Amino acid sequence: MKPLIQLHSEHQTRLSPEAIVKRLTSRYGEFEQKPRYGALDELIFTVLTQHTSDLNAGRAFERLKERMPTWDAVLNSSREEVAQAIFHGGMSNQKSARIQAILAAIHANRNAFEIDFLRDYDLESARKWLMELPGVGPKTAAVVMSLALGMPAFPVDTHIHRVCKRLGLISDKTSADDAHTVMEATVAPDLRFQLHMQIITHGRQICKARRPRCSQCVLADGCPARDAR
């Protein structure tokens, strides 16, 4: 594991992860760690979310499944056919190549289109296996582990990265990739899913990128970024 990245004193949070979860849960309610897709479907859907919204990715995923109902059909279709099916997700040429490469690698390794066996792996072994797939980075691996496999990974997207910086949970210099390591090193496993869901919801609704709604924020009194602003 990478060494823990130290926070600068002026960016240290005044609120613990437990306190953040408690306050945000009072506003948004508690989230249930229930899979929305099977593990492989979640992996492909997460690839489709890259550089676009979940709404556009959802449309692309539905169209892909309509046109090619099995992963075998996706792998054996032409690159152009797959790109056309996922056009609404953006970057369709790059994503079609990535999806087919991932499916080919999984089938070559398992002789099947499934990755649910990763439930039996420990966190780091599952992460390593996923990140050896073509184009799968820390965020994609963490999303699959957390949302589909029920594992205590902590995915970091743009909302999580922004809000964690503002709260001082990570330093201003911590990259999104490094933030996975920092958050998993500092947040208890049984708190990671709830903290992830609460912060991403808060980032979308209140702690927005350009105009954060600090006057409506239940974390404002413990937010270093609010004071700096």
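Worth saying up front: this structure is predicted, and the values here are computed from it rather than measured. Basis for what follows: all heavy atoms, side chains included, without hydrogens, waters or symmetry-related copies.
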Other residues, nucleotides, ligands: >12 heavy atoms within 6.0 Å of Gln84 CD: no

Nearest-0.5 Å distance that lies between atom CD in Gln33 and atom CG in Leu147: 7.5 Å

Close side-chain approach of His88 and Thr52, heavy atoms under 4.5 Å: no

Cluster link Leu123 to Ile115, ILVMFWY, side chain under 4.5 Å: yes

Side-chain heavy-atom pair Leu195, Met183 within 4.5 angstrom cut-off: yes

Cluster link Leu48 to Phe87, ILVMFWY, side chain under 4.5 Å: no

CG-CD1 distance between Leu169 and Ile199, expressed to the nearest 0.5 angstrom: 5.5 Å

Close side-chain approach of Asp41 to Lys65, heavy-atom, < 4.5 Å: yes

Gap between atom CG of Leu15 and atom CG of Asp221 - 0.5 Å precision: 6.5 Å

Heavy atoms from other residues, nucleotides or ligands near NZ of Lys22 exceed 12 (cutoff 6.0 Å): no

Hydrophobic cluster identity match, Ile102 and Trp71, side-chain contacts under 4.5 Å: yes

Euclidean distance, Ile44 CD1 relative to Phe113 CZ, rounded to 0.5 Å: 10.0 Å

Min side-chain heavy-atom separation Asp157-Thr49 under 4.5 Å: no

Heavy-atom check, side chain of Arg226 versus side chain of Cys217, under 4.5 Å: no

Non-hydrogen atoms of Thr174 and His161 that approach each other most closely: O-NE2, 2.7 Å

Flag side-chain contact, heavy atom, 4.5 Å: Glu42 against Pro35: no

Check: His180 ring centre within less than 6.0 Å of Phe154 ring centre: no

Closest non-hydrogen atom pair, Ala39 against Ala148: CA-CB, 3.7 Å

Ring geometry between Phe61 and Phe45 (parallel below 30°, tilted from 30 to 60°, perpendicular above 60°): perpendicular

Within 6.0 Å of CZ in Phe31, more than 12 heavy atoms from elsewhere: yes

Shared hydrophobic cluster for Val143 and Met151 (ILVMFWY, side-chain gaps under 4.5 Å): no

Note, Pro17 side chain near Thr186 side chain (heavy atom, < 4.5 Å): no

Heavy-atom pair of closest approach, residues Ala60 and Gly89: CB-N, 3.6 Å

Minimum heavy-atom distance between Ala153 and Ala142, given as atom pair plus value: CB-O, 3.8 Å

Where Arg23 and Val218 come nearest, the two heavy atoms and their spacing: NH1-O, 2.9 Å

Residues Arg127, Glu124: salt bridge by 4.0 Å N-O rule: yes

4.5 Å side-chain heavy-atom contact, Lys128 and Ser125: no

Arg166 to Pro212 - nearest heavy-atom pair and separation: NH1-CB, 3.6 Å

Rounded distance [0.5 Å steps], NZ in Lys165 versus OG in Ser171: 7.5 Å

